[in-house]
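As structure tokens, the structure follows; a few thoughts come after it.
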Amino acid sequence: MHDIRAIRADPAGFDAALARRGMEPASGQILELDQAVRSATKEFEESRAELKLKSREVGKLKAGGKHDEAEQLIRDIADWEVRQSQWFGNRANEPEAQRDLILSTLPNTLDPDVPDGRDESANVVLHQHGDIPDFAFTPKQHFELGEALGLMDFATAAKIAGARFTVLKGPLARMERALGQWMLALHTDEHGYTEASVPLLVNDASMYGTGQLPKFADDLFRTTDDRSLIPTAEVPLTNFAREEIFPEADLPLRLTALTPCFRSEAGSAGRDTRGMLRQHQFAKVEMVSITTPDASAAEHERMTRCAERVLTDLGLTWRRVFLCAGDTGFGAARTYDLEVWLPGQGAWREISSCSNTRDFQARRMNGRFKPREGKGNQFLHTLNGSGVAVGRALIAVMETFQQEDGSVLVPEVLRPWMGGIERIAR
RNA sequence: GGAGAGGUGCCGGAGCGGUCGAACGGGUCGGUCUCGAAAACCGAAGUACGGGCAACUGUACCGUGGGUUCGAAUCCCACCCUCUCCGCCA
């Protein structure tokens with residue numbers, strides 16, 4: 001959510017920020033509505049002030065035993081109120097709703113150093129870890145490996161649930177579990193995050209707070225009682241801050257959770273249909289930081305390094321990509337994607353996305369902190385990052401550590417979490 | 001799911017429909033006292049939006065949304081949440 005005062009103060013700057021995202025200017029329409037809101041509100045408040053004054057007078061007359069005068073005044077007020085209502089009615093409500101709807105559907109302002117560009121082709125690779133591995137044979141894709149092992153079953157998943165679901169069995173199911181457990185342990189034990197177990201079904205206020213609503217309702221699965229399945233644990237974790245005022249001394253809050261995520265993938269029809277790259281349901285370890293404006297930039301770098309650590313320790317080849325203006329998500333001021341090399345697919349694929357939303361989400365959810373010094377409360381900054389997507393990590397491990405015979409070596413770090421299994425084979 | 005009770009400021013807790021943004025107590029902050037601290041005493045302090053250079057000032061907010069009324073924290077309706085008991089259940 002944007003600060004209407006900032007738009008009033010610098011409409012041109014606001015439109016320039018939108019232009020970076022390839023959007024049309026909006027300040028003109030917003031300020032026009034805002035003006036209507038403000039003038040109608042002013043009338044309303046003046047009228048209310050007068051009404052309160054008159055009504056108090058009635059009370060005084062009655063208290064003084066002057067009942068006839070009081071009755072006369074009540075009749076006068078009633079007449080006056082009718083005339084007033086013809087004047088102002090609820091003229092502020094409609095433009096206010098329009099103004100706020102527009103504001104709530106406009107994306108966050110980008111950081112100045114976000115690269116220009118319309119789409120992912122303009123993203124900037126910041127650095128790469130590891131070389132693209134050589135194979136003495138033609139590496140297979142994860143679903144070829146998984147199906148040959150008899151441990152990845154899309155037919156059964158389709159029977160049970162439909163397209164875009166996966167059934168994992170035996171050591172592959174266990175490796176998925178091991179990945180999630182290990183990542184969670186890493187972030188809690190070494191990176192200072194607090195583990196949280198959270199609701200997977202959330203209300204509309206929470207979805208609004210992180211920015212899924214009102215604009216992206218189609219991407220969500222709805223329940224019959226007006227809740228939504230979470231598309232990411234960013235939603236419940238970030239909403240810890242909703243309607244809260246934290247003492248600055250309590251910050252930063254660093255939260256992590258391993259949860260299933262549910263996405264309708266509306267608009268992705270036909271993309272990544274083979275395998276488990278793009279599913280309606282997948283497991284993900286999420287990191288969320290709730291912090292102060294001064295600390296959020298450093299926190300973003302730190303969080304991204306926490307995610308990178310996961311990939312490095314697994315022995316994967318990865319790179320950090322700075323998303324360009326056109327590819328940066330709705331709520332983010334800046335985003336680093338981590339892409340992992342998939343030898344079977346022969347392509348870099350996103351496995352983590354770390355974003356600083358600055359005060360964008362905090363404004364939506366009215367999440368504030370009380371500064372150590374100075375007066376007044378300020379909006380928090382919120383950040384989120386995958387640490388990392390478990391399903392995609394499984395894919396990357398399979399494709400990276402596959403052997404010519406179709407077996408898969410288990411990364412060292414996962415072995416303790418898999419009862420010592422070193423290789424998954426037929 | 002059934003029955004009941006309740007949701008008020010940082011916390012506890014009052015509040016005949018009229019000067020209530022809200023008594024009182026605790027906590028917090030500032031001061032007096034003290035070598036210092038405690039105690040005691042004095043004082044300050046809600047959030048948001050708008051107007052004003054400022055002092056200051058208007059409006060809204062007593063779970064949420066409607067309604068009744070000249071006037072609502074107080075009355076009515078719906079919803080949400082919490083607690084107690086019963087039932088059911090991982």
Side-chain angles (χ1 to χ4, degrees), chain A residues 1-9 30-104 197-209 213-214 223-228 236 239-251 260 359 362-380:
Chain A
M1 178 67 88
H2 292 277
D3 182 0
I4 183 68
R5 282 171 300 190
I7 302 174
R8 284 178 202 146
I30 291 168
L31 290 179
E32 198 172 306
L33 288 165
D34 183 53
Q35 196 51 53
V37 172
R38 292 213 282 173
S39 61
T41 300
K42 191 156 184 281
E43 278 183 48
F44 175 79
E45 289 186 354
E46 285 170 353
S47 177
R48 279 290 294 175
E50 195 171 344
L51 174 63
K52 284 174 71 168
L53 219 58
K54 291 174 193 277
S55 291
R56 256 177 224 155
E57 193 59 33
V58 173
K60 283 182 193 165
L61 289 172
K62 283 197 171 177
K66 301 173 180 172
H67 292 285
D68 290 348
E69 288 180 43
E71 287 305 319
Q72 183 56 48
L73 183 51
I74 287 172
R75 282 193 292 274
D76 290 349
I77 296 172
D79 288 347
W80 172 84
E81 251 191 322
V82 169
R83 290 198 306 276
Q84 285 292 303
S85 66
Q86 289 168 350
W87 270 103
F88 64 85
N90 275 328
R91 277 173 44 213
N93 291 348
E94 187 56 27
E96 187 169 26
Q98 280 183 44
R99 181 193 70 183
D100 292 347
L101 179 63
I102 292 173
L103 285 175
S104 69
S197 173
V198 295
L200 307 181
L201 246 37
V202 302
N203 56 31
D204 286 350
S206 293
M207 284 296 186
Y208 180 87
L213 292 179
T223 64
T224 51
D225 64 349
D226 294 328
R227 282 180 254 266
S228 305
N239 272 281
F240 276 35
R242 180 152 56 87
E243 304 293 343
E244 296 289 342
I245 302 172
F246 296 117
E248 184 175 352
D250 289 359
L251 302 175
D359 65 359
R363 283 181 182 283
R364 290 180 157 251
M365 58 178 73
N366 198 25
R368 292 166 292 167
F369 72 98
K370 194 173 285 297
R372 277 196 191 83
E373 295 171 9
K375 55 188 183 308
N377 302 319
Q378 293 182 37
F379 286 113
L380 293 157

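In the text below, chain A, chain B and the rest are named by the order of the sequence lines, each starting its count at 1.
Looking at heavy-atom distances under 4.0 Å, A/R75 makes no contact with the nucleic acid at all. Here A/K62 lies in heavy-atom contact (under 4.0 Å) with a base. Within the 4.0 angstrom heavy-atom criterion, only backbone atoms of the sugar-phosphate kind lie near A/L51; the bases stay farther away. As judged by a 4.0 angstrom heavy-atom cut-off over every strand, A/R227 is placed among residues making no nucleic acid contact.
Using a 4.0 Å cut-off between charged side-chain N and carboxylate O, A/R38 and A/D34 make a salt bridge.
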Under 3.5 Å, which protein N or O atoms sit close to an N or O of nucleotides 66-68 of chain B? Give each pair with its distance.
none

Interface polar pairs with nucleotides 10-12 of chain B, N/O, under 3.5 angstrom:
none

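Considering only side-chain atoms of A/I77, the nucleotide from B/A72, B/C49, B/C70 that sits closest is B/C70. Listed nucleotides B/G58, B/A60, B/C70 differ in distance to A/K52; the shortest reach to its side chain belongs to B/A60.
Regarding contacts with the backbone of B/G71, every side-chain N or O of A/R56 stays at 4.0 angstrom or more from both OP1 and OP2. Listed pair A/R99 / B/C49 fails the phosphate criterion, with no side-chain N or O lying under 4.0 Å from OP1 or OP2.
Where A/R368 and A/I4 meet RNA chain B, the nucleotide closest to each residue was compared, and A/R368 sits on the side nearer the 5' end.
Side chain of A/S47 to main chain of A/F44: no donor-acceptor pair is present (N/O by atom type, distance under 3.5 Å, no hydrogens or angles).
Sparse packing is recorded around CG of A/D68, with 12 or fewer heavy atoms of other residues, nucleotides or ligands lying under 6.0 Å away.
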Between A/D359 and A/D3, does the side-chain contact (heavy atoms from CB on, under 4.5 Å) criterion hold? Intermediate values first, please. CA-CA 10 Å; A/D359 65 359; A/D3 182 0; over 6 Å; no

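On the C1' atoms, B/U74 is 16 Å away from B/G63, given to the nearest whole Å.
No hydrogens or angles were tested; on distance alone, nothing pairs the side chain of A/E45 with the base of B/G50 as donor and acceptor under 3.5 Å.
Rounding to whole angstrom units, CD of residue A/E243 and P of B/U64 are separated by 10 Å.
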